[in-house]
Each structure stands twice: as structure tokens, then as C-alpha cells.
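This report concerns only the one structure given below.
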Protein chains: 2
Amino acid sequence: MTKIQKVADLAGVSTATVSRALAGKSSVSPATRSRVEDAARELGYVVSANASSLASGRTRNVGVVVPFIDSWFFIAVLKGIQRSLADAGYDLTLYHLDPNVGQDRPVEENPRRRRLFDEFLRRGRVDALIAVSLELTRAELDSLTAIKKPVVGIGGPLPGIQTLSLDDHEVARLAVDHLLALGHREIAHLAGDQDFEIDFHLPAHRRAGWEEALAHSGITSDPLMLRTADFTIAGGYDATLQLLGDPRVHPTAIFAASDEMAIGAMLAARDLGRSVPEDLSIIGIDGHDLSEFFGLTTVDQFPEVQGRHAVEILLHQLDGDRPEPGNEALPYELVVRKSTGPAPGSSRG
Amino acid sequence: MTKIQKVADLAGVSTATVSRALAGKSSVSPATRSRVEDAARELGYVVSANASSLASGRTRNVGVVVPFIDSWFFIAVLKGIQRSLADAGYDLTLYHLDPNVGQDRPVEENPRRRRLFDEFLRRGRVDALIAVSLELTRAELDSLTAIKKPVVGIGGPLPGIQTLSLDDHEVARLAVDHLLALGHREIAHLAGDQDFEIDFHLPAHRRAGWEEALAHSGITSDPLMLRTADFTIAGGYDATLQLLGDPRVHPTAIFAASDEMAIGAMLAARDLGRSVPEDLSIIGIDGHDLSEFFGLTTVDQFPEVQGRHAVEILLHQLDGDRPEPGNEALPYELVVRKSTGPAPGSSRG
DNA sequence: ACGGCGACTGCAAGCGTTTCCGGTCCGCGC
DNA sequence: GCGCGGACCGGAAACGCTTGCAGTCGCCGT
């Protein structure tokens with residue numbers, strides 16, 4: 001005998017009523033409801049997720065796809081997602097799409113990706129999906145819209161689905177403008193690597209913002225002031241060592257594409273005997289946990305909030321209203337700390 | 001008509017055969033199998049996870065419970081788990097049990113915990129469970145063994161279930177012995193906070209290992225040499241500032257309970273003008289990603305491997321053999337880098 | 001030529017819920 | 001007194017697979 005049947009027997013009702021009572025439906029009398037609840041408690045009954053999903057078509061589970069599992073930003077977003085989901089009583093299943101594997105072939109052929117989209121997501125284990133910083137191919141988008149489940153993407157506009165994205169261009173301009181306002185003219189940029197298809201050309205946008213802000217102040221950006229590096233502390237450190245060791249350039253400020261790179265830059269500056277911000281100002285992007293500790297000025301992008309917001313949108317859609325998909329701009333904010341100061345010799349000092 | 005039925009019709013076989021063919025069972029002729037596969041491909045058919053689970057009792061999904069979602073260690077373990085699980089074709093659903101919420105009441109009454117154990121895990125959404133650094137209560141353990149699903153715990157012995165744990169005591173001794181061998185006698189310890197019930201008293205064990213190693217060398221541990229701090233860079237930094245600023249003690253070495261604390265200590269030492277390792281040696285525990293960058297000597301505990309190993313054990317158990325649950329010691333290894341050196345004035349210098 | 005065996009395959013009984021579609025019953029308006 | 005609507009509740013049909021059991025069939029050994 002099925003478990004729900006036992007509960008029904010104990011409570012002296014039908015399984016239909018047990019189901020309704022336990023699901024909190026309204027059409028159950030208070031008396032019956034509590035009898036059912038008592039019976040369920042007594043028998044230690046818990047609804048079988050699978051049977052329930054099969055019958056109802058809903059799983060109360062959402063999938064989250066991330067490209068990196070060990071980078072601060074993604075974890076921060078994930079944290080926000082998981083918190084909100086848990087609050088709403090949803091489970092979260094985590095999918096990891098490592099962009100490093102299968103890099104030798106075009107994205108469309110990456111077998112892991114194919115498998116994820118063609119199988120995992122279509123098995124009906126999730127009600128909805130959140131894709132963090134994944135630039136989806138046409139086919140993948142089609143595949144997603146075909147399964148008719150809510151999808152929200154964080155990190156860049158994607159045609160046909162609801163997305164949340166940061167205006168990297170403007171964020172970069174805000175950062176560089178801050179430096180310009182402090183009187184800096186020689187502003188270097190530690191840019192991210194652009195090899196990955198995953199990131200909506202984020203490094204390119206940030207770089208363009210840097211160039212534009214400079215141009216706006218009548219400064220031509222020097223190619224030597226642009227250094228490509230890994231999105232890590234070590235990456236920022238190495239690039240900064242090289243930058244500051246290059247006799248051809250004399251930056252008084254560095255705009256790093258991420259806080260981790262910026263922290264690496266601070267450490268490198270210190271190791272070279274340059275004091276921050278007296279000799280060199282440094283600014284990053286992210287709002288990393290460590291930025292406060294290091295006194296790093298940054299443009300915070302509130303990743304955890306991004307996660308929470310994505311869930312919010314998803315839950316709305318699961319509740320029935322599916323608005324026209326579009327892109328929503330994410331908030332950001334300049335947080336000034338001790339790593340930026342007036343340019344050396346600047347009248348504004 | 002159900003989807004599998006359509007595939008069956010197209011292939012000209014029964015649904016039973018389709019199911020068997022797609023599940024890779026052996027008793028299907030090669031010809032039939034490929035006919036089924038073609039039909040499935042043509043129809044874009046994917047087995048419904050729920051229906052399959054309901055019918056078979058298996059979900060191909062495992063649950064992972066972590067106490068912190070934004071700490072390096074847990075993420076590293078999670079990464080290992082997720083990789084192995086993905087390789088084996090399993091999904092991973094993530095549960096987060098924040099020990100910070102509900103701290104005002106005894107663990108047994110923490111509603112989130114109750115809910116997780118009494119509901120989520122019993123809904124049958126997972127085939128097995130991995131609990132990372134969670135000290136489970138008697139009731140929780142009973143609840144777990146009652147549902148008869150494989151469980152493996154990482155981080156400390158737990159009665160009745162299979163566990164993987166680091167011998168924190170020995171790890172600490174190894175670290176301190178390294179310092180002693182370098183001639184240090186004044187060895188301070190940055191200990192973790194013991195407020196949480198979640199960690200198998202890991203801070204206490206590491207501290208005990210420190211005391212024992214000292215005692216073994218005839219050194220009585222000075223209470224002033226013991227500082228409690230957060231398990232973070234900032235925690236280690238602050239504690240070290242205080243330690244080094246205290247005129248009553250003169251440590252030549254610091255043994256930090258985690259790499260993050262150790263890195264904080266290195267930064268603090270540098271800010272105070274003490275050079276590492278000339279004036280002060282520092283050693284941590286973990287094998288943190290950043291330890292290499294900072295040149296930190298540490299006892300690596302290979303967290304990613306811990307995750308992989310846990311999955312390995314789980315898969316074995318899911319394959320049928322359920323050995324007597326026990327505890328398995330995890331490997332660790334001293335990795336000497338630049339943060340430790342001979343004690344100042346030591347003959348071994 | 002025949003029993004037996006092994007390799008395949010099909011039938012149909014579940015798996016444990018949800019939910020549509022009616023019923024029953026009670027109170028109320030007229 | 002009677003028809004009616006609403007609040008509750010039950011019967012039973014899905015939901016979409018898996019798998020035990022019972023064949024069918026060709027082939028081998030004798």
C-alpha cells in the first residue's frame with residue numbers, strides 16, 4: 001500500500017484529501033486538515049518528490065549553471081541564489097560547465113555543453129534555470145525556449161530570454177572617471193583575458209570603457225598601458241610587476257578589471273616599494289569580500305543581490321506570468337576606500 | 001500517448017525494449033538497440049527523470065550539505081564532488097545549512113536543520129548524501145540511517161556512518177614539528193573560534209596538537225601565545241597585529257589554524273615591518289589556492305581530493321556493497337615554501 | 001528429430017501522487 | 001417545502017517509466 005494511502009486510512013479520508021490537505025489547498029475543512037496533519041506526523045509521512053513531480057509536472061527544483069565553481073564572483077552569486085531558493089522551498093541543482101574543457105573545438109560541439117542542454121535540462125528534473133555568465137549559442141537558446149521553462153541569464157543580454165546584466169562599459173567609465181577626477185592622466189588598465197566565449201566579451205567592454213573615459217578627457221590610450229592578465233590575484237600581481245617595471249610607461253593609477261587583479265596589483269606595488277595611493281592609485285571592479293580588508297576602492301556590483309534578484313524573477317514566472325523577455329540593468333556603485341588618491345603632483349592633492 | 005510509446009512505435013518495438021535499450025541494458029540485440037536509438041534521436045526523446053525515478057527508485061542525484069557556501073575550503077571540496085559526480089552522470093543538489101542561523105538555540109531545535117533532515121532528505125529526491133563538516137546529532141544520524149541511503153561525512157568521525165576525516169591533531173603536530181625542527185621555541189598559535197558545533201571541535205584538536213608538539217619538546221605553552229580568531233584573512237591579520245604588539249611575548253613563529261589566517265598573519269607581519277621568514281616564520285593548514293602565491297608553507301589537506309574520494313565511496317555503495325561504516329583517515333602533506341625558515345639566532349640557521 | 005537452453009522481446013503490473021469530475025450535504029432564499 | 005449554490009470530499013484516471021515474468025525462436029547436442 002502506498003504511503004499516502006496509509007495516512008488516508010489513519011485519518012479516515014481519501015488520498016485525494018490527504019494530498020490536498022498537505023499541499024495547503026484551500027478546499028479542505030480545518031478539522032479534516034488537522035486530522036490529516038496529525039496522521040502524517042504520526043506516520044512520519046513525507047510526500048515523495050518524484051511521484052508528486054510526475055503527477056503534477058512541477059519539481060520545486062531549479063537548475064543553476066555556472067562556468068566556474070571556484071571563483072569568488074560565481075560563488076557569491078550562487079550564494080544569493082541558494083538563499084532565496086531555500087527560502088521559497090525550492091531545491092537547487094548545480095551544473096558546472098567548465099569552459100576550459102573542450103576549448104579546442106567550437107562551443108557548439110563541446111560535448112559537455114551539448115549533453116547538458118540536450119539531456120540534463122530536458123529530463124524534467126528542474127522547473128527553471130538560471131545561467132550565470134554563460135553566452136549561449138543560438139541552438140542552446142532554441143533548446144531552452146523549446147522546453148518552455150523559465151530561464152534567466154545573469155551577465156549579459158541574450159536574445160529571447162530574460163536577462164540581468166551589468167553595463168560593463170559604464171562601470172569601467174565610472175571607475176576611470178573616478179581616477180581622472182583625482183587628477184590622474186596616466187591610467188593603466190589590467191584587462192581580462194578574452195579567450196573565453198563565456199563572458200559576453202566582458203573584458204572588451206571594460207576595456208572600451210577605459211578607452212572612452214580617457215578619450216573623453218582628451219587622453220589617447222597607450223597600448224603599453226594595457227596589460228592582459230588572468231582574473232586572479234596572481235594574474236594582477238604579475239601584470240603589475242611587468243607594467244611598473246617597464247621604463248617606457250609611468251602610470252600613476254591602475255584600473256583593474258576585477259578586484260582580485262586589483263589586489264594583486266596592490267601587493268605588487270607594495271613589493272616594488274611604491275606606496276598606494278601616494279605613488280599609485282588602484283581601483284577594481286566587483287565588491288570582493290577582501291576588498292574591504294585591503295582598503296581597495298572598487299565598483300561594487302553586488303553579486304549576491306544579482307542571485308537573489310534572478311530567483312525573484314524566476315519565481316514570478318513560475319507563478320504564471322511570463323512577461324516579454326528582456327534585459328534588465330544591474331545596479332553598481334563606486335565604493336571609495338584607501339587605494340585611490342590624488343595623482344602625484346596634482347593640484348587636486 | 002506517452003513519449004516512450006511513440007519511440008517504441010517508431011522503432012517497432014515495445015516500450016519495455018525502448019527502456020532497456022536506452023538504459024544500456026545488455027539483453028537487447030544490437031540491431032534493435034540502434035533502431036531504438038535512431039528513433040529516440042529522431043523524436044528528440046529524453047527519458048523523464050521523474051517517471052524513471054518513480055518506477056526504478058533511483059534518482060541519479062546526490063545531495064551535498066555544506067555549512068558555509070563562501071569559504072574556500074568548502075568550495076574546494078564541493079568542486080571535487082561535483083566533478084566526480086558529473087563524470088558518473090549524477091546530478092548534485094546543494095543544501096546549505098548555515099550554522100549562523102538559529103545559533104541561539106540548541107542544534108536539535110534549529111528549524112532549518114530539522115526541516116532538511118525531516119523533509120528534504122526524505123522526499124526521495126536524492127540517492128545518497130554527502131555531509132561536509134557537519135557534526136550531526138543523534139537524532140539526525142538516526143534519521144539518516146532510517147532512510148537507508150548511503151551517506152558519507154567529510155570532516156570527522158560520526159557513529160554509524162561512513163566518514164572521511166583529517167587527523168587534525170597530527171596535522172597540527174606536523175606543522176609545529178616543522179617549526180621546532182627549524183629551531184623555533186617561541187611558537188604562537190592562531191586558533192579558530194570554537195563557537196560552532198559544526199566542526200568536530202577542529203580548532204580544539206589543532207590547538208591540542210600544538211600544545212602536545214611543544215610539550216614533546218619540553219616547552220610549556222604560554223596562554224598568551226594562543227590567540228583566537230576568525231578563520232579568515234582579516235581574522236589572522238588582526239590577531240597577529242595584537243600578538244606581535246604584545247610586549248609580553250616574543251614569538252619567532254606562528255602556527256595558524258588555516259591558510260587564510262596564515263596569509264593574514266603574513267600581511268600583518270609585513271605591515272609591522274617584520275620580514276618573513278627572517279624575523280618570523282608562519283605556517284598554515286589547508287593548501288589554499290593562494291598559499292602558493294604568497295609563498296606560504298602549509299600542511300595541504302587536498303580538499304578537492306576529499307570530495308572526489310567521498311563520491312567514489314558513495315558510488316561504490318550505490319553499486320551495492322555496503323561495507324561496515326567506519327572512518328577513514330585523509331591524507332595530508334607538509335608543503336614547505338618561503339614563509340618558514342630557521343629561528344633567528346638558531347644554530348640551525 | 002527432439003528436448004533444452006540462451007538470447008531477445010513483450011505484457012502488464014506497479015511506482016506514489018495529483019487532480020478532474022462529479023457527488024453529498026447543508027443552509028438559505030423565496 | 002423546495003431548488004440552488006457552495007463547501008467538502010471521494011473515485012479513479014492519469015503521469016511516464018521500469019522490470020518481473022512469461023513467452024518465442026533459432027540452434028546445439030545427442
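We name chains A, B, ... by the order of the sequence lines, and we start the count at 1 in each one.
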> Is it true that a side-chain atom of A:Arg83 and a backbone atom of A:Glu304 form a donor plus acceptor pair closer than 3.5 Å?
Replying inline: no
>> Distance under 4.0 Å to a non-hydrogen atom of chain B counts as contact; along DNA chain D, which nucleotides mark the start and end?
In response: D:dG16 to D:dG20
>> Protein within reach of the bases, or only the backbone? For nucleotides 4-15 of chain C, mark each nucleotide 5' to 3' as B, S or -, using heavy atoms under 4.0 Å.
In response: ----SBBB--BB
>> With a 3.5 Å distance limit and no angle check, can you tell me whether A:Asp127 reaches the backbone of A:Thr59 through a side-chain donor-acceptor pair?
In response: yes
> Base, sugar-phosphate alone, or nothing: which one does A:Arg58 contact when heavy atoms must sit under 4.0 Å apart?
Replying inline: sugar-phosphate
>> Applying the side-chain contact (heavy atoms from CB on, under 4.5 Å) criterion to A:Val65, which one of A:Leu116, A:Thr93, A:Val132, A:Val151 satisfies it?
In response: A:Leu116
>> Closer than 4.0 angstrom, basic N to acidic O: yes or no for B:Asp38 and B:Arg35?
In response: no
> Considering all heavy atoms of both residues, which atom of B:Val46 and which atom of A:Arg123 are nearest to each other, and what is their separation?
Replying inline: CG1-CG, 3.5 Å
>> What I want to find out is whether A:Asp142 reaches A:Arg138 closely enough, with some N-O distance under 4.0 Å, to be called a salt bridge.
In response: yes
> Contact class for B:Lys25 (heavy atom, under 4.0 Å): base, sugar-phosphate, or nothing?
Replying inline: sugar-phosphate
> Please give, in whole Å, the distance from C:dT18 P to B:Asn50 CG?
Replying inline: 12 Å
>> I'd like to know if A:Asp87 and B:Arg112 make a salt bridge, using a cut-off of under 4.0 Å between side-chain N and carboxylate O.
In response: yes
> Are the side chain of A:Thr145 and the backbone N or O of A:Leu141 linked by a donor-acceptor pair below 3.5 Å?
Replying inline: yes
>> Measure CG/A:Leu22 against P/C:dG16 and give the value in whole Å, please.
In response: 16 Å
> Can you tell me how far C1' of C:dG16 sits from CZ of B:Arg122, to the nearest Å?
Replying inline: 15 Å
